[in-house]
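Structure first, commentary second.
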Amino acid sequence: MNLAGQHVLSVKDFSLDLINHLFNIAEQMRPYARREKITRVLEGAILGNMFFEPSTRTRVSFGCAFNLLGGEVRETTGMSNSALAKGESLYDTARVLSGYSDIIAMRHPEAGSVAAFSEGSRVPVINGGDGPNEHPTQALLDLFTIQQELASQSLSIDQLHLTLMGDLKFGRTVHSLCQLLALYKNLTIKLVSPEALSMPTKYVDILENAGHKVTQTQDLEAGLKDSHIVYQTRIQEERFTDQEEADRYRGSFRLNKHIYTEFCQPNTVIMHPLPRDSRSQANELDNDLNQTEGLAIFRQTDNGVLVRMALFAAILGVDGQIKNSERNVNWFTGLANQRS
Ligand code: NCD
């Protein structure tokens, strides 16, 4: 698949070759994301950034990525602020708004909604998360981060030992990530969650059919032991019909300094799609890990900009022209020279 002019609705559309191509473009975006250089390759283009569900980093990093390529961003946030609240169909909204944009990023609480929206759109649509179903750009940035973190330890993704932990039932980021991991070989994957929030069978099957060794456990020590990477998730309370049920699982399988030191290997990388729920009754990823070198959560968020810039450039067909409009930055920026 060539990304030019395409929708990005699911990770299913990505082959290893395409991922490697995309990550190559993402690497070229570092100087612009670090404000060492400017490119205006998307000058005049408009992103319709439409978020019908709460979002901070996905929404802002889509917008920031587009701005860093020289494009403009128009935002619609919240269902009640759009004509969807007046009963307009996703098709009609898409038909109208695609007349105002060159590309659209969209998040919506219902599974399949972004695909339905794309049918009415005359421009490419990127899925920013559709209910509990998929979150392809998060999975791509997670994979990019996994590769980067492993490379810094001279390891590669084939033969990775990975723990996915928390709400694996409703967590769309891990659903998309599992499908990407199925493209690799010989992984050992441990799934740690309350039984009621375990990984849907279809994703376990995808991993097993790829030849990976998958273990499901509620034993924290067994789940964390020997993993190179632990990927923690938040209880997706917004997906529960019964809030008391969400309360019951909040706070199970926490990761903090004590547990990390006790059960994990010394260089274990900690990931989380964020936001982490830092309220005391949840606190699935404790602040006492903030100074731990293996904590990669903010490297993930920085990588999100690179990967989303790469997607925009590839989908809009300008990935070969990024340097043509390159200029130096002439303001002081604290972002240059930081690790990301
Ligand atoms: C995730 C999401 O929205 O699915 N957040 C994100 O986009 N980085 C995970 C979450 O909300 O828990």
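All ligand and atom numbering here is 1-based and tracks the order in the structure.
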Open item on the list: Any atom of ligand 1 sitting under 4.0 Å from a heavy atom of Pro273?
Closed with: yes

Task: Any donor-acceptor N or O pair under 3.5 Å, side chains Glu134, Ser10 - done: yes

Open item on the list: Just by distance, no angles: are the side chains of Arg234 and His272 close enough, under 3.5 Å, to form a donor-acceptor pair?
Closed with: no

Open item on the list: Under a 3.5 Å cutoff, is there a donor and acceptor pairing between the side chains of Thr39 and Ser325?
Closed with: yes

- [ ] Look at the aromatic rings of Phe51 and Phe62 and report parallel, tilted or perpendicular, splitting at 30° and 60°.
- [x] tilted

Open item on the list: Taking distance alone, with N or O pairs closer than 3.5 Å, would you say Gln236 contacts ligand 1?
Closed with: yes

Open item on the list: Please list, in number order, the atoms of ligand 1 under 4.0 Å from a heavy atom of His135.
Closed with: 2 (C), 4 (O), 6 (C), 7 (O)

Task: Phe170 six-ring face occupied by Arg239 cation (under 6.0 Å, within 45°) - done: no

Task: Element-labelled atoms of ligand 1 that are located less than 4.0 Å from some non-hydrogen atom of Thr58 - done: 6 (C), 7 (O), 8 (N)

Task: Nearest candidate to atom 4 (O) of ligand 1, where distance is taken over non-hydrogen atoms, out of Glu53, Arg172, Glu134 - done: Arg172

Open item on the list: When you measure from the heavy atoms of Pro275 to every atom of ligand 1, does any distance fall below 4.0 Å?
Closed with: yes

Task: Arg57, any N or O under 3.5 Å of ligand 1 N or O - done: no

Open item on the list: Under 3.5 Å, is there a donor on one side chain and an acceptor on the other for Glu326 and Tyr32?
Closed with: yes

Open item on the list: Return the closest protein heavy atom for atom 10 (C) of ligand 1 as residue, atom name and distance.
Closed with: Arg234 NH2, 3.4 Å

Open item on the list: Quiz question: by atom type and distance under 3.5 Å, do the side chains of Asp247 and Gln243 form a donor-acceptor pair?
Closed with: no

- [ ] Measure Leu274 to ligand 1 on non-hydrogen atoms and call it side chain, backbone, both or neither using the 4.0 Å cut-off.
- [x] backbone

